[in-house]
2 protein chains.
Amino acid sequence: MENAEDTAPRRLRALPSRLINLVATSANRLVDRALATTGSRRYDYALLAALEEFGPASQAALGRRTGIDRSDVVATVNELSARGLVERSPDPADRRRNVITVTAAGIRHLALLDRLLSDAQDTLLASLTTAEREQFVGLLMRVADHLAASPPALRPDHRTAPQR
Amino acid sequence: MENAEDTAPRRLRALPSRLINLVATSANRLVDRALATTGSRRYDYALLAALEEFGPASQAALGRRTGIDRSDVVATVNELSARGLVERSPDPADRRRNVITVTAAGIRHLALLDRLLSDAQDTLLASLTTAEREQFVGLLMRVADHLAASPPALRPDHRTAPQR
DNA sequence: CAACCAACATTGGTTCGGCCAACAATATGG
DNA sequence: CCATATTGTTGGCCGAACCAATGTTGGTTG
C-alpha cells in the first residue's frame, strides 16, 4: 500500500470535470508521444485529415473544420509545407485565399499517423471492453455535441463582463 | 444549414482522444470561468480540498495528493496564503517542511468554490440523464485508474529515448 | 561521526494548446 | 462607390504541466 498520501481528496476523485481532465492529459501525452516519433503534432494530423477528406481548401476553411484558430493554421501549414506534405498556392478565383493541397507524401504520412493514433486509442481505452468503448464514445459525443451547439456561454469568444 | 464547412473530418469526429479533449476544453472553460468570479483557479480548489479533507500537510504531500508539481504547489500556496486562505509555517519536527493549514476563511472559500463547481458540472453534463452521468463517470474512473496504475509508459517523467 | 543519499522548498526555466488583437489586401452587397 | 466581411499573417498572452538545478535538512550506514 506504499504511501497513503497518493489518495486524492474525495471531492476531487469523482468530479467529472477533473476526471475528464485526467483522462485528457493522459490521452494527450499518449498521442503526443506517438506523433512525436514522426515529428508531427496534433494540429498536423487534423489538417491532413481534413484535407484528405474534403479536398483542397483555404486556410480559413481548414480552421473552421478542425476548430483550429486561423493564426495557428498558418503556423501548421508552414510546417507541413516545409516538409512537403502539403502545398500552398494562391487561389486565382479569390486572391485573398491560399489553396492548400495534400501531396502524395502527405497522404502517406497521414496513413502512418493513422496507425500510430489507432494504437494510442487502444492503449488509452485498454481498460474498457469493446461494448464499453462504444458506450463511452457515445456519451462523449453526446456531451461534446451538446456543448458545441446550445450554450453560447462557453464558446471561445464569449465575453462575460468587461465588454469594452 | 448555414456553412457546411463546420463539419469535422470523420477521422476526427469519433476519435476518442479528440472527443475527450473537446469535452475537457469545454469543461475547463466552464470551470475556469466559474472559479474566476472568485479570483481562484483549479489548483487553488485542489489544494483547499486536500487540506480540508486530510488536515495540515507539507507542500510535497499536497502535491502528491493532487498530482500538482511541487513547483506549482509553491506558487499556489503563495497565492492562497497572500489571500489569507491558508497559512504556511515551518514544521518544527522536520525543518525541511512547511506545514500548510487552512484558515477559517479558506474553509468558507472552499464551500463557495464547491457550489460554483457543482453548477459547472451540471452545465457540463446537461445533455445526460442521471443514470448516464453515473455511467459516464464510472467509465471515466475506470480509464483514469487504469492509466494511473499500470502503464509506466505514460507517467509524466517517463523518458523514452535519450536517457542521459 | 563522516559520507551519502533521499526528501523538501524554491527558482527559473520550457513547451504546447488555445486564445485574442491588429493589419493589409481583397471581396462583396447595398 | 462605400461600408462591411473575409482572409492570411504577425505578434502577443495565459494557464497547465512539466523539468532541472540549488540549497537545506534528515536519515542511513559503513
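The sequence lines fix the lettering, A, B, ..., with proteins before strands; numbering per chain opens at 1.
Put simply, CG on Asp69(B) is 15 Å from P on dA21(D), counting in whole angstrom units. Between Arg18(A) atom CZ and dA16(D) atom C1' the separation is 13 Å, expressed in whole Å. Spacing between atom CG of Asp72(A) and atom P of dC19(C) amounts to 9 Å, rounded to whole angstrom units. The distance from atom CZ of Arg29(A) to atom P of dG17(C) is 14 Å, rounded to the nearest whole Å. Protein atom CZ of Arg95(B) is 18 Å distant from nucleotide atom P of dG23(D), rounded to whole Å. Nucleotide dT10(C) holds its P atom 15 Å from the CD atom of Glu79(B), rounded to whole Å. Distance, Leu80(A) CG to dG8(D) P: 15 Å, rounded to whole Å. Put simply, CD1 on Ile68(A) is 8 Å from P on dG18(C), counting in whole angstrom units.
The phosphate of dA17(D) has OP1 or OP2 within less than 4.0 Å of a side-chain N or O from Thr25(A).
Nucleic acid contact class of Asn28(B) (heavy atoms, under 4.0 Å, all strands): none.
Salt-bridge formation is detected for the pair Arg42(A)/Asp32(A): a Lys NZ or Arg NE/NH1/NH2 atom is positioned less than 4.0 Å from an Asp or Glu carboxylate oxygen. For the pair Arg11(B) and Glu52(A), the salt-bridge criterion is met [side-chain N within less than 4.0 Å of a carboxylate O].
The shortest heavy-atom contact between Leu128(B) and Arg133(B) is O-NE, 3.1 Å. In terms of heavy atoms, Pro16(A) sits closest to Leu140(B) at O-CD1, 4.5 Å.
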- Note on the structure: Protein-proximity profile, nucleotides 2-9 of chain C, B/S/- by nucleotide at the 4.0 Å heavy-atom cutoff, equals ----BBBB
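For DNA chain C, the residues of residues 36-45 of chain A within the heavy-atom distance limit of 4.0 Å (strictly under) are Arg41(A), Arg42(A), Tyr43(A), sorted by number.
Using modelled atom types, one finds a donor on one side chain and an acceptor on the other under 3.5 Å when comparing Gln121(A) with Ser17(B).
Within 6.0 Å of the CD atom in Glu79(A), the count of heavy atoms belonging to other residues, nucleotides or ligands exceeds 12. Counting heavy-atom neighbours within 6.0 Å of Gln135(B) CD, excluding the residue itself, gives a total above 12.
Atom CG of Leu30(B) and atom CG of Leu125(B) lie 9.5 Å apart (nearest 0.5 Å).
Mapped onto DNA chain C by nearest heavy atom, Ser71(A) and Asp32(A) fall at different nucleotides, with Asp32(A) at the one closer to the 5' end.
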